Amino acid sequence: MSHWIILPIVLPAMMAAFIVLVVRHHAVLQRVFSLAGTLAVLAVATGLVMATWDGTIILYQLGDWAAPFGIVLVADRLSTLFVFLTSLLAVFVQLYAIGSKWDMRGRHFYALFQFQLMGIIGAFLTGDAFNLFVFFEVLLIASYGLMIHSGGPERFRAGVQYVVFNLLGSTLFLFALGTIYAETGTLNMADLAQRIAAAPPEYTSGIRAASVMLLMVFAVKAAILPLHFWLPAAYANAPAPVAALFAIMTKVGAYAIIRFYTLVFPPDLEITQGLFDTWLMPAALVTLFLGMLGVLGARRLDRLVAFAVIGSMGMLMAAVSVFTPQGIAAALFYAIHSTLATAALFLLVDVVRERRERNLLTFDLAPPIAGGALVAGMFFAAAIAMAGLPPLSGFIGKLLILDAAMSDARMAWVWAIVLGMSLIAVIGFARAGSTIFWKAHASEAAYDEGPPPADEQTLQPLPALPMVAIGGILATLVAVTVFAGPLQRHLTATAEQLFAPGPYISTVLETPGKEISYKGHGEDDHGEESKARDSHDADDSHGDAQEEEGH
């Protein structure tokens, strides 16, 4: 049992408590300890990726209690990939928060940041469905606190909408878990996979209902239409570092769908046939369509990026809904790309807001900003990545998704909507970039007496650390593009591991080759063991009686 698995969860939890209890009045120490803790999480995540690179599955049993009775954490290729992506993004976001001084515009930023990190990473590593719910609630509470950081009526209103909508999703999650436990007697995901596969037909109605409820819950987290209403206002009004970190939060929902519907409710499971694979593809394509229409119709830069997030989730879920190893591999590649591109765009939106006259984010003409060439270049790179234009990773991810859809009967719809919405995304981002960065120079000629005096903040040089953070994210995007071949081979191996869950189940249950029969409606392992003990005791008593009779 490796104790390294629990460190990415324990370190942020301990760091958050330390910051609140010890250094909450010392801004510099908060920054130092929080950044050091995040770097330590990144180092551990790197080690976990290396340890699972060859397909090894690592199990951690909390309290040394074996599954399915104890809580377990499981590190495989899929979970460690997302843990690494989360911790890497967290480092860049924290550097930006320090350089832009967003961390000092409200209280308890770093404590909430660390709790958010704990919740996201815990959701990726847990092997228990109920603890997935627990980590969902941890990240929900922390994200609400981060969202209203520095205050403001618009931010508070969007935060209330966000938390109410997600609490409704959490309530539905509890209903689903209660239904599953009533039917199977367990919530360990590996144990669920075996018991549901062995379920007799008369016990399938509750399981079918629970599978649909879970998909709805995860669709809320992934912002899939029609459960996406909370996202545009929430992401557009959140502080820039928070919105950038939120880029990984929608991927938690996508991860949960991939994990549950390849392990617990796999595509070949007869009792859930047609419950999610039939309509998940149409929902994903409509999400992509409306997200990119939002990009085209947005009148503010922050809303444009928020709608781009919705469109990118539609693209990602279109690949997932193919439910083949090739489709899942394409979805994972696109998830990495879209997380980084979204985070870079949200941070660049904040740079524009801080540098532009009167903090304008609307597509109105305004004087150029200091350092506009560098900001425009970065925005151009992030925009073509998000729109899926060559040569960056968005183009590769889109090609992988289109190739994966070749085996699907709805291939024509996928190709038409993906390519059409890519064109709309290009138009939307081009309009925004040209208005803010190019037409800003032309607008100077509109004044007879020269341009109006710019605000003092627009004349100051660009701060170095925020630009380093954004540059780091863009450099990672370039690295994903350059090493797309080896990365895609690893992601293909990851998808193949998901569609062959035998080693995962045997590692978690520590019962290689053992078949688990279905136990529902009050029957559990203790009951079976009790029956076995009673039978054994009866045999012993019968043997003792025969021995006495012989004497």
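None of the values given here were measured: they were computed from a predicted structure.
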### Message
Taking the six-membered ring for Trp, are Tyr144 and Tyr162 closer than 6.0 Å centroid to centroid?
### Response
no
Which atom pairs, one a donor and one an acceptor, fall under 3.5 Å between side chains of residues 412-425 and the rest of the protein, sequence neighbours left out?
from   : atom 1 : to     : atom 2 : distance (Å)
Trp415 : NE1    : Leu402 : O      : 3.1
Ser422 : OG     : Lys398 : NZ     : 2.4
Ser422 : OG     : Val418 : O      : 2.7

### Query
Using 30° and 60° as the class limits, which term best fits the ring planes of Phe218 and Phe136: parallel, tilted or perpendicular?
perpendicular
| query | Does the side chain of Pro266 come within less than 4.5 Å of Phe323's, by heavy atoms? | reply | no
I want to check something: taking the side chain as every heavy atom from C-beta on, are Asn188 and Gln194 in contact at a cut-off of under 4.5 Å?
no
task = For the residue pair Asp191 and Thr186, confirm or rule out a side-chain donor-acceptor distance under 3.5 Å.
result = yes
Within a strict 4.5 Å, meaning less than it, do heavy atoms of the Lys251 and Thr86 side chains meet?
-> no
Discussion item. Can you confirm whether the side chains of Asp54 and Thr56 place a donor and an acceptor under 3.5 Å from each other?
Written reply: yes
- Task: Check whether any side-chain heavy atom of Thr184 lies under 4.5 Å from a side-chain heavy atom of Leu192, and answer yes or no.
- Result: yes
All heavy atoms of Phe333 vs all of Ser393, minimum pair found to be CE2-O, 3.5 Å
| message | For a 4.5 angstrom cut-off between non-hydrogen side-chain atoms, does Leu296 reach Phe307? | response | no
Which donor-acceptor pairs under 3.5 Å do the side chains of residues 43-52 make with protein atoms, sequence neighbours left out?
from  : atom 1 : to    : atom 2 : distance (Å)
Thr46 : OG1    : Leu42 : O      : 2.8
Thr52 : OG1    : Leu48 : O      : 2.9
Thr52 : OG1    : Val49 : O      : 3.4
Thr52 : OG1    : Thr80 : OG1    : 3.0

*Is the shortest heavy-atom distance from the side chain of Gln497 to the side chain of Pro503 under 4.5 Å?*
no
Gly145 and Leu112 have their tightest heavy-atom pair at C-CD1, 3.6 Å
Quiz prompt | No-hydrogen, no-angle side-chain donor-acceptor test under 3.5 Å, Ser170 and Glu137 | solution = yes
Verdict with supporting geometry, Leu340 and Leu85, side chain to side chain contact (heavy atoms under 4.5 Å, CB included): CA-CA 9 Å; Leu340 297 170; Leu85 180 61; 4.3 Å; yes
In short, Leu392 meets Val478 closest at the heavy-atom pair CD2-CG2, 4.2 Å
Is there a side-chain contact between Trp230 and Val220 (heavy atoms, below 4.5 Å)?
yes
Heavy-atom closest pair (Met386 atom, Ala308 atom, distance to 0.1 Å) is CG-CB, 4.1 Å
* Asked: Would a 4.5 Å heavy-atom cut-off, applied to side chains only, mark Lys221 and Val252 as touching?
  -> no
message = Take a 6.0 Å sphere around CZ of Phe289 and say whether it holds more than 12 heavy atoms from other residues, nucleotides or ligands.
response = no
message: Is it the case that the side chains of Ser205 and Glu183 hold a donor-acceptor pair, with the cut-off being a distance below 3.5 Å and no angle test?
response: no
